[in-house]
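Only this structure's heavy atoms are used, side chains among them; waters, hydrogens and symmetry mates stay out. Numbered from 1 within each chain, the chains take letters A, B, ... in sequence-line order.
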2 protein chains.
Amino acid sequence: MDTTDYDLENLPPDLSYEDFLQMLLPLRDSLDILGGKWKLQIIFSLKFGRKRFKEIQREIPGITSKMLSKELKDLEMNDLATRYVHNTAPITVEYELSEYGKTLKSVVIELYKWGSAHRKHITSK
Amino acid sequence: MDTTDYDLENLPPDLSYEDFLQMLLPLRDSLDILGGKWKLQIIFSLKFGRKRFKEIQREIPGITSKMLSKELKDLEMNDLATRYVHNTAPITVEYELSEYGKTLKSVVIELYKWGSAHRKHITSK
DNA sequence: TATACCAGTATACTTTGAGAAACCGGGTAA
DNA sequence: TTACCCGGTTTCTCAAAGTATACTGGTATA
């Protein structure tokens, strides 16, 4: 497993293309985790507390249960959300943004800041 | 045109869903601009100076002229790259990361940092 | 007894992103 | 004169992402 951290400010001039592709991997991970049509909406929904499956679905108009199910699995797999199954009858399921999930905050804020500035930049031309 | 800036740390509790979707737009812009298979590679290529079309294509193994052409147009449209046409015979074309394009740095670094940490987080489980 | 809720699955379909290959007009070097 | 370089564009194809719709088994409600 590769554990090299690069300094993006100051890349080694002899960086091979292979190494460069390695360096792109973490960037892609971040983009994949936040990209797609529904991920951000789900993350924001969970940001405001534990929610049940249908509860999230009602909060996000247009999302199908298939997509919600799939995206929640992705979040869980990445340790960003936690799934709680309550042994009631019928079972109820709750999802929660994990503590680790909250570390996304700085990235999301940075993306939002740049995006906002960009909208102004583009429309001011 | 909407110019509201939200404080992601501290969202108004009465935020309507419409307003929330408005708030997502800049986030999506950032993700769209950096997402996809080739954008980051092209941006990094241009980071090291003006390049000609074929030069970029040679630097990025696997990219087709169709994709490169399309992505460069996107970058240009977003004012991130500048296209210089030289009146030589035959004409030569150069692309350069604009000064504005360099403002992407902080977002990219943030994405890289989170992604790197995430790889460690996931593999350490 | 019939209907609706819950937490999803299953299946089929459409849309989008990307790749492969051919092609273009103008130029240049063998 | 033939073949190749340059900066792309065009057409066709395929896979992935996303949508639509129906369904499940168990329970509560009218």
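- Between Lys37(B) and dG19(C) there is a side-chain N or O to OP1 or OP2 distance below 4.0 Å.
- Taking for each of Ala89(A) and Thr64(A) the nucleotide of DNA chain D with the nearest heavy atom, the 5'-most of the two is the partner of Thr64(A).
- Of the side-chain N and O atoms in Ser69(A), none sit less than 4.0 angstrom from OP1 or OP2 of dA7(C).
- Closest to the side chain of Lys66(B), out of dG7(D), dC12(D), dT27(D), is dC12(D).
- Here the nucleotide nearest the side chain of Pro90(A), chosen from dT19(D), dG26(D), dG7(D), is dG26(D).
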task: Apply the test salt bridge (Lys or Arg N to Asp or Glu O under 4.0 Å) to residues Glu99(A) and Lys102(A): give CA-CA distance (whole Å), side-chain angles for both, the deciding distance (0.1 Å), then the verdict.
output: CA-CA 5 Å; Glu99(A) 277 312 305; Lys102(A) 293 174 186 162; 3.0 Å; yes
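- OP1 or OP2 of dG7(D) has not a single side-chain nitrogen or oxygen of Arg58(B) nearer than 4.0 Å.
- Considering Lys51(B), His86(B), Arg52(B) in turn, His86(B) is the only one that fulfils the side-chain hydrogen bond (donor to acceptor under 3.5 Å, both in side chains) rule with Glu94(B).
- The side chain of Phe53(B) has dG7(D) as its nearest neighbour among dG7(D), dG8(C), dA18(C).
- For Arg83(B), the listed nucleotide lying nearest its side chain is dG8(D); candidates were dG19(C), dG8(D), dG18(D).
- If you check dG18(D), dT9(D), dG8(C) against the side chain of Lys70(A), the one that comes closest is dG18(D).
- The CE atom of Met67(A) sits 16 Å away from the C1' atom of dA10(C) (whole-angstrom rounding).
- Atom CD1 in Ile60(B) sits roughly 12 Å away from atom P in dG19(C) (whole-Å rounding).
- Side-chain atoms of Ser65(A) lie closest to dG8(C) of the nucleotides dG8(C), dT11(C), dA20(C).
- Rounded to a whole Å, the CG atom of Leu72(B) is 14 Å from the C1' atom of dT9(D).
- We find that CG of Leu68(B) is positioned 15 Å from P of dA20(C), with the value rounded to whole Å.
- At most 12 non-hydrogen atoms from other residues, nucleotides or ligands lie less than 6.0 angstrom from NZ of Lys113(B).
- Within 4.0 Å (heavy atoms only), Gly62(B) reaches no atom of the nucleic acid at all.
- At least one side-chain nitrogen or oxygen of Lys73(A) sits closer than 4.0 Å to the OP1 or OP2 atom of dT9(C).
- Note on Lys54(A): a base of the nucleic acid sits closer than 4.0 angstrom, heavy atoms only.
- In this structure, Ile42(B) places its CD1 atom 12 Å from P of dG8(D), rounding to the nearest Å.
- Between Trp114(B) and Tyr100(A), the angle of the ring planes stays under 30°, which puts this pair in the parallel group of the 30/60° scheme.
- The CG-C1' distance, from Asp32(A) to dA16(D), rounds to 12 Å in whole Å.
- With hydrogens and angles disregarded, a donor-acceptor distance shorter than 3.5 Å links the side chain of Ser30(A) to the backbone of Gly115(B).
- Phosphate proximity of dC6(D) to Arg52(B): absent, as no side-chain N or O sits under 4.0 Å from OP1 or OP2.
- Under 4.0 angstrom from either OP1 or OP2 of dG8(C) there lies at least one side-chain N or O belonging to Tyr95(A).
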